[in-house]
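Nothing here was measured: the structure is a model prediction, and the numbers come from that model. Counting convention: from 1, in listed order, for ligands and their atoms alike. Hydrogens, waters and symmetry mates play no part in the numbers below; they use all other heavy atoms, side chains included.
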Amino acid sequence: MSIRMAASAPLIMRIMASSLSIAEKAGEVIRDIMSTGDLNVVDKGQKNFDPQTEADRKCQQIIIGSLSKQYKDLKIIGEEGAEDLSKIPQELIVDKIDSQFLEQYKCPESFKDISENDLVVWVDPLDGTGEYVAGFVENVTVLIGIAFRDTSIAGIIHQPFFKCATTNKMGRTIWGLKELGTSGYNKKSPPENKLILTTTRSHSNEIVNATIEAIKADEVLKVGGCGFKVLQLLEGKAHCYVFASPGCKKWDTCSPEAILEADGGILTDILGKHYNYGPNVEYPNRTGVLATAKGIDHESLLERIPIATKESLIKKK
Ligand SMILES: Nc1ncnc2c1ncn2[C@@H]1O[C@H](COP(=O)(O)OS(=O)(=O)O)[C@@H](OP(=O)(O)O)[C@H]1O
Ligand SMILES: [Mg+2]
Ligand SMILES: [Mg+2]
Ligand SMILES: [Mg+2]
């Protein structure tokens, strides 16, 4: 595809195609920094330990620097705070655009006339930093989510330490756009006659645990990262993701929500409401996360969540 043809594709498709290439580069950097053996961790937590590594910082620069260069009026919000674009080294800027994506997929009618001012991009440059530091590298993902007005419509999840069984290639990129579909993973339904719940590996508390108890799952799969947990739903390894706590932020859920919902699943808070991803919202997802895979009854799981859990999260707001 010529540069001119790529430039004539609808904006949302171009942002996705750019983000596919940018996320791949971020994944390379995440692997490279791990291979140096020095993650250069700093604690950015106010009350609790909240690690930030060289990879979180560098990947945010890659993603925000590259998208801002191509899409000047796009509002981009990243976990690691505001970026001074003039300080981002040129070698971190990705100009590539995934032309195969543009050639293969057609923009859904409802998103054809979107302008940059209608969009917010939510960036988690490295989701699962605790797991990256602890060596659970499969849990690590790069998340780029795109919201149209208040609603999450598109997302990219790049998993840098996924190893393809046939080619041994490291890294894979999963994407989803509402009304178009999803790609990049092994689409599978979770097993019937069994309920598998995925939840936090490292942020449990009494309410988180009491809520899991009340769901009465047959198995509980404790893993790190919002991106990786939603991947469990997309690949049929779990039926639901339950986290009855504040802690997740908009950059954690924006991309996974769009991909899951483009696949037929649902991601809401613990009260059944979708989060708002507009340009001026607060970052924390104060009322937790309930996500269900395609074909799983979201409403009936919502009903299993104790009233005490719901009340306690509303009170914390
Ligand atoms: N304050 C507070 N209270 C409870 N839980 C919290 C808090 N801050 C972060 N979290 C949870 O920590 C996990 C990692 O957070 P993040 O996804 O924001 O971090 S990162 O992207 O890995 O840097 C993520 O959950 P899990 O990955 O499920 O453990 C967040 O929901
Ligand atoms: Mg995160
Ligand atoms: Mg992060
Ligand atoms: Mg973090």
Self-check item: Nearest candidate to atom 26 (P) of ligand 1, where distance is taken over non-hydrogen atoms, out of R201, Q46, K229
Solution: K229

Quiz item: What residue among T173, V142, I97, L67 forms side chain to side chain contact (heavy atoms under 4.5 Å, CB included) with S19?
Solution: L67

Side chain of [X], backbone of [Y]: donor and acceptor closer than 3.5 Å?
X    : Y    : answer
H239 : L195 : no
K75  : G278 : no
Q60  : G81  : yes

Within a distance under 4.0 Å of any heavy atom of [X], pick out the atoms of ligand 1 and give their elements.
X    : answer
G128 : 20 (S), 21 (O), 22 (O)
G224 : 27 (O)
T129 : 20 (S), 22 (O), 23 (O)
F243 : 5 (N), 31 (O)
S245 : 4 (C)
S202 : 29 (O)
L126 : 20 (S), 21 (O), 22 (O), 23 (O)

Quiz item: Between W175 and Y105, does the ring centroid distance fall short of 6.0 Å?
Solution: yes

Quick test of your reading of the model: are [X] and [Y] salt-bridged, counting only N-O distances below 4.0 Å?
X    : Y    : answer
E83  : K87  : no
K194 : D218 : no
K187 : E235 : no
R304 : E213 : no
E261 : K178 : yes
D95  : K69  : yes

Quiz item: Does the protein put a heavy atom less than 4.0 Å from atom 15 (O) of ligand 1?
Solution: no

Residue part near ligand 1, for [X], under 4.0 Å between non-hydrogen atoms:
X    : answer
E79  : side chain
D124 : side chain
P246 : backbone
T200 : both
Q52  : neither
C248 : both

Exercise. Hey, can you tell me if F161 and Y132 have their rings parallel, tilted or perpendicular (30° and 60° cut-offs)?
Key: tilted

Self-check item: F111 and F148 aromatic ring geometry - parallel, tilted or perpendicular at 30°/60° bounds
Solution: perpendicular

Self-check item: atom 9 (C) of ligand 1 [closest protein heavy-atom partner, distance rounded to 0.1 Å]
Solution: G247 O, 3.4 Å

Self-check item: Rounded to 10 degrees, the angle OD1 of D127 makes with OD2 of D124 at the Mg ion (ligand 2)
Solution: 100°

Self-check item: Within-cut-off N or O pair, V223 and ligand 1, under 3.5 Å
Solution: no

Quiz item: Should W251 be counted as touching ligand 1, given the test is an N or O pair under 3.5 Å?
Solution: no

Exercise. Give a yes or no on whether E79 keeps an N, O or S atom under 2.8 Å from the Mg ion (ligand 2).
Key: no

Self-check item: Whether V289 lies under 4.0 Å from ligand 1, heavy atom
Solution: no

Quiz item: Taking both backbone and side chain into account, is any N, O or S atom of E80 nearer than 2.8 Å to the Mg ion (ligand 4)?
Solution: no

